[in-house]
Protein chains: 2
Amino acid sequence: MVTTCSEPDYVANPYDADCPTRHILDRIGDRWTVLIIGILGRGDARFSELRRHVGGISQKMLTQTLRGLERDGLVRRTVFPEVPVRVEYALTDSGRSLLEPLYALQDWSIRHLGDVSASQEAYDRANQ
Amino acid sequence: MVTTCSEPDYVANPYDADCPTRHILDRIGDRWTVLIIGILGRGDARFSELRRHVGGISQKMLTQTLRGLERDGLVRRTVFPEVPVRVEYALTDSGRSLLEPLYALQDWSIRHLGDVSASQEAYDRANQ
DNA sequence: CGGGATCCGGGCGGATACTG
DNA sequence: CAGTATCCGCCCGGATCCCG
């Protein structure tokens, strides 16, 4: 089950569909995935709660992203057959384990935001 | 310089352009960025080397991505005025520090690839 | 309330041709 | 070799309408 792309070189071959790097990149490629995971990391939430907390997401993209996360086993969807219907979203164990590397990326971006901004300004100044 | 979005809640507001989460997501949003950083993590490389190692990337996207990384101060571009011209790309200190969180994500994806694949198959089976 | 279905525009990214 | 310039198809994602 482990393909050749699970060697250190896997990072170089995004065209291998089995490559874990490629897959996870496809998952977090859109900004919504990471934001939703982050919200659910604080606790379970309903559809409307997620929509309120993730500023600017459309209903279509929220649904679409949640379906993908459910399919990947990162999010569990529970329907309560009340009237009106209530739907709760929660991280699975797998999804919860993704929080740590995502937070590592957040920490990095916070620590380096100043450097990056300064570099951008310098670059733009040097190129008009 | 630290905005309100640097509180734990920043993850919820991708519409704040100053939000570090939003910025880093925009950077690694395309799959090429992470792949190029990964390659350069093993050592400096020339344009044609990168193009060979990052399978399937077009010359346009390679140039475009490298420019963005240079602007963000993650990659340093050095031109050797020989004939024909030689251009070397290398990670800056900032870019090298990004390797660790990126590898954390790779490790996660390798460890969970089996779970994710199984979940996908189960999901697809349950929904035709 | 929590979606599904459809239409549509903008932009990402590939292909090609050309250059210092 | 390492790009720049241009054209263009396609798909992402928003807007809107509808439903159980």
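A note on names: the letters A, B, ... follow the listed sequences, proteins ahead of strands, and every chain is numbered from 1.
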Check: Is any side-chain N or O of A:Arg46 closer than 4.0 Å to OP1 or OP2 of C:dG2?
Finding: yes
Next item on the list: Pick base, sugar-phosphate or nothing for A:Gln59, based on heavy-atom distances below 4.0 Å to the nucleic acid.
Entry: base
Check: Taking only side-chain nitrogens and oxygens of B:Ser48, does any of them come within less than 4.0 Å of OP1 or OP2 of D:dA2?
Finding: yes
Next item on the list: With DNA chain D as reference, determine whether A:Arg51 or B:Arg86 sits nearer its 5' end, using the nearest nucleotide of each.
Entry: B:Arg86
Check: Rounding to a whole Å, what distance do you find between A:Leu62:CG and C:dA5:C1'?
Finding: 17 Å
Notebook entry, point to check: For A:Arg67, which contact category applies under a 4.0 Å heavy-atom criterion: base, sugar-phosphate, or nothing?
Noted result: sugar-phosphate
Next item on the list: Grab the CD-P distance between B:Glu82 and D:dG3 for me, whole Å please.
Entry: 14 Å
Margin query: How about CD on A:Glu88, more than 12 heavy atoms from neighbouring residues, nucleotides or ligands closer than 6.0 Å, or not?
Written below: yes
Next item on the list: Give the minimum heavy-atom separation between B:Gly41 and B:Leu99, together with the two atoms involved.
Entry: CA-CD1, 3.7 Å
Notebook entry, point to check: Between B:Gln64 and A:Arg77, which has a closest nucleotide on DNA chain C that is more 5'?
Noted result: A:Arg77
Next item on the list: Identify the two heavy atoms, one from B:Gly38 and one from B:Tyr103, that lie closest to each other, and give their separation to 0.1 Å.
Entry: O-OH, 4.2 Å
Note to self: Heavy atoms only, 4.0 Å cut-off, all strands: where does B:Phe80 land among base, sugar-phosphate and nothing?
What the structure shows: nothing
Item checked: Any donor-acceptor pair under 3.5 Å from A:Glu49 side chain to A:Arg46 backbone -> yes
Check: Can you tell me how far C1' of D:dT6 sits from NZ of B:Lys60, to the nearest Å?
Finding: 9 Å
Notebook entry, point to check: Starting at the 5' end of DNA chain C, which residue's closest nucleotide do you reach first, A:Phe47 or B:Met61?
Noted result: A:Phe47
Checklist line | Qualifying residue, where the test is side-chain contact (heavy atoms from CB on, under 4.5 Å) with A:Leu91 and the options are A:Leu98, A:Val75, A:Leu69 | finding: A:Val75
Checklist line | Nearest-nucleotide comparison on DNA chain D, the residue closer to the 5′ end among A:Ser58 and A:Pro84 | finding: A:Ser58
Check: What is the distance from CD1 of A:Ile57 to P of C:dG2, rounded to the nearest Å?
Finding: 14 Å
Next item on the list: Tell me whether the OP1 or OP2 atom of D:dC1 has a side-chain N or O from B:Tyr89 closer than 4.0 Å.
Entry: no
Check: What's the CG-P distance between A:Asp44 and C:dG2, to the nearest Å?
Finding: 14 Å
Notebook entry, point to check: Within this structure, what is the CD-to-P distance between A:Glu49 and C:dC1, rounded to whole angstrom?
Noted result: 12 Å
